Amino acid sequence: MPYNTIFSKLFQFIPRHRFESSVENCGADRYCKHFSAWKQFLTCLYAQITGKDSLREISDGLLVNQARLYHLGMEPVAKSTLADAMNRRDPGIFRDLFNELLERCTALAPGHGFRFHNPLYAIDSTTISLCLSMYDWARYRKNKGAAKLHTQLDLSGNLPCFVVMSNGRMADIRAARKWFRIDPDSIYTYDKGYCDYEWFKEIDGRGAFFVTRLKQNARLRLVGQHLVPNEKLGVVADDMVELELQNARETYPGKLRRVMFHDEKTGGDYVFLTNNCRLSAATIAAIYKKRWQIELFFKWIKQNLQVKTFLGTSENAVMTQIWIALIHFLLVAYIKFLTKVPISLTEITLRLREQLMGNSHLLELLSLDRKTLAKPPDWNRPRQLELFGEFMC
């Protein structure tokens with residue numbers, strides 16, 4: 001009996017032809033007799049959506065749902081087969097699929113909420129703790145292992161537009177200068193960990209803008225006032241400054257804008273540094289406040305996706321699982337953007353998890369709420385006669 005499950009309905013959002021093209025170009029199915037890259041992807045996506053974090057759970061879960069797997073092109077898989085594929089197959093094919101889905105999500109994503117039309121990005125990293133005895137390639141400290149996810153978040157839709165993994169030792173600014181691409185006319189916001197005058201010069205030289213916090217030990221010299229501060233909006237000062245030390249000024253010879261802002265809600269005072277002189281000081285403060293979305297993104301993926309425990313110990317296995325977890329995130333975001341349902345990403349994730357192998361409609365599943373749910377029958381009510389039933393007997 002064929003099953004039209006929620007899992008099968010998710011496939012219409014996945015460009016399989018692009019995936020198979022990437023597999024062919026990378027030779028990911030070379031010497032593969034049975035467990036293809038597509039089957040591995042489906043198996044890992046099933047594990048992500050259902051929240052399974054071990055090889056045994058995945059194998060047993062597929063075995064229980066064996067009757068529903070035929071129409072998906074899937075079948076139960078042995079633990080050793082899945083573990084071998086995770087450790088050996090190139091994760092680049094899943095990165096390519098992530099990029100393809102990202103383009104589709106970006107086309108439907110809402111704006112960043114500001115009046116300006118510049119692309120707005122947040123940059124940060126998060127650390128994933130690993131057992132050093134099992135993940136010896138991820139040495140962080142003497143007795144600790146860790147991997148870092150360096151991420152660039154597109155604040156129009158809060159989508160991860162660039163992700164790269166390194167060991168825990170790599171500094172954030174080093175990773176940013178090595179891997180991140182700077183697009184002209186874009187605005188990048190990041191915390192103090194990325195304060196580097198050479199990188200400031202690189203961003204400025206490519207026609208882009210940055211908004212960051214000022215380090216306490218930064219030595220600046222006041223050049224003049226940029227605009228009269230508006231204390232009603234929380235702007236205490238809006239000045240033009242330059243680096244005081246000669247070596248620093250040789251690294252970044254241009255002038256910078258310093259905005260001092262007082263937040264009435266928290267009572268805190270903040271000092272921001274930027275090379276953008278067009279936007280208002282209140283907007284500069286709001287841009288940095290928007291940076292918090294990347295912290296919420298890291299929190300969300302750690303709470304809702306399987307990125308803490310891994311199905312293999314190699315770097316390939318870890319990166320494969322991370323790419324498929326992010327593909328899951330993009331699928332959920334794409335569904336929300338496409339259907340415009342008034343529920344959160346977490347609620348969509350939980351509903352998909354509970355009904356993944358269920359035979360129901362996706363839109364009906366997403367539109368369920370307490371008002372649309374049918375009331376349970378009252379079994380204590382007296383039985384009524386039915387027209388053309390008992391009454392006619």
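Side-chain atoms are counted along with the backbone in the values below, which use heavy atoms only and exclude waters and symmetry mates. Computed from a predicted structure; not experimentally measured.
Tyr140 contributes atom OH, which lies 10.0 Å from atom CZ of Arg169 (distance to the nearest 0.5 angstrom). The distance from atom NZ of Lys52 to atom SG of Cys44, rounded to the nearest 0.5 Å, is 13.0 Å. Annotation: the span from Asn65 atom CG to Tyr46 atom OH amounts to 5.0 Å, rounded to 0.5 Å. Distance check: Leu101 CG to Leu330 CG gives 6.0 Å after rounding to the nearest 0.5 Å. Atoms CD1 and CD, from Ile14 and Glu100 in turn, are 12.0 Å apart once rounded to the nearest 0.5 Å. To the nearest 0.5 Å, atoms NZ (Lys336) and CD (Glu347) are separated by 8.5 Å.
Met357 has its side chain out of reach of Ile6: every pair of non-hydrogen atoms, C-beta onward, lies at least 4.5 Å apart. The shortest side-chain heavy-atom distance between Leu256 and Phe210 falls under the 4.5 Å cut-off. Between Ile58 and Leu311, some side-chain heavy-atom pair lies under the 4.5 Å cut-off. Within the 4.5 Å cutoff, no side-chain heavy atoms of Ser59 are placed close to those of Arg56. Using a 4.5 Å cut-off on side-chain heavy atoms (C-beta onward), Val318 and Ile128 make no contact. Side chains of Lys9 and Leu362 form a contact here, defined as non-hydrogen atoms less than 4.5 Å apart. Side-chain contact check for Arg206 versus Lys201: every heavy-atom pair is 4.5 Å or farther apart. Side-chain contact between Lys39 and His34 is present, with at least one heavy-atom pair separated by less than 4.5 Å.
Look at Arg213 and Asp191 and you find no salt bridge, because none of the NZ, NE, NH1 or NH2 atoms lies under 4.0 Å from a carboxylate O. Salt bridge absent: Asp84 and Arg89 never bring a charged side-chain N and a carboxylate O closer than 4.0 Å. Ionic pairing of Arg219 and Glu244 is present here: one or more N-O contacts between side-chain nitrogen and carboxylate oxygen are shorter than 4.0 angstrom. By the 4.0 Å N-to-carboxylate-O rule, Glu295 lies too far from Lys299 to be salt-bridged with it. Taking 4.0 Å as the cut-off between side-chain N and carboxylate O, Asp238 and Arg257 count as a salt-bridged pair.
Here the shortest heavy-atom pairing between Leu331 and Phe13 reads CD2-CB, 3.8 Å. Closest approach of Cys195 and Phe200 over heavy atoms only: CA-CZ, 3.9 Å. Closest heavy-atom contact between Trp323 and Pro91: CD1-O, 3.8 Å. Looking at every heavy atom in both residues, Ala109 comes nearest to Gly157 through CB-CA, 4.0 Å. For the residue pair Ala28 and Ile93, the shortest heavy atom distance occurs at CB-CD1, 3.9 Å. Of all heavy-atom pairs between Leu10 and Ile335, the closest is CD2-CD1, 3.6 Å.
Sequence neighbours left out, the pairs with a member in residues 109-128 that pass side chain to side chain donor-acceptor pair (under 3.5 Å) are Asn118-Asp185, Asp124-Arg291, Ser125-Asp172, Thr126-Lys302.
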Arg278 vs Phe116, test: side-chain contact (heavy atoms from CB on, under 4.5 Å). Steps then yes/no. CA-CA 10 Å; Arg278 301 176 184 176; Phe116 59 82; over 6 Å; no

With ring pair (Phe, Tyr, Trp, His ring centres under 6.0 Å) as the test, would you mind laying out the steps for Tyr288 and Phe272 before giving the verdict? CA-CA 8 Å; Tyr288 189 83; Phe272 305 109; 5.3 Å; yes

Assess whether side-chain contact (heavy atoms from CB on, under 4.5 Å) is satisfied between Ile294 and Ile123, documenting all intermediate values. CA-CA 7 Å; Ile294 196 169; Ile123 295 175; 5.6 Å; no

Is there a side-chain hydrogen bond (donor to acceptor under 3.5 Å, both in side chains) between Asn87 and Asn316 once you walk through the steps? CA-CA 6 Å; Asn87 287 322; Asn316 274 5; over 6 Å; no

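Side chain to side chain, Asp269 and His262 meet the donor-acceptor criterion of an N or O pair below 3.5 Å. Between the side chains of Thr346 and Thr349, no donor N or O sits under 3.5 Å from an acceptor N or O.
With hydrogens and angles disregarded, a donor-acceptor distance shorter than 3.5 Å links the side chain of Ser8 to the backbone of Thr5. Remark: side-chain polar atoms of Arg139 are not paired, donor with acceptor, to backbone N or O of Gly145 under 3.5 angstrom. Under a 3.5 Å cut-off, the side chain of Gln48 and the backbone N or O of Leu326 do not form any donor-acceptor pair. Between the Trp179 side chain and the Phe162 main chain, no donor and acceptor come within less than 3.5 Å of each other.
Residue Trp199 is tested with Tyr188, Phe180, Tyr190 for a ring-ring contact (aromatic ring centres under 6.0 Å, His included); the sole match is Tyr190. Screening Arg174, Lys148, His150 for a side chain to side chain donor-acceptor pair (under 3.5 Å) with Ser166, the sole residue that qualifies is His150.
For an aromatic pair to be called close, the ring centres must be under 6.0 Å apart, and Phe329 with Trp300 satisfies this. Taking the six-membered ring for Trp and the full ring otherwise, the centers of Phe41 and Trp38 sit less than 6.0 Å from each other.
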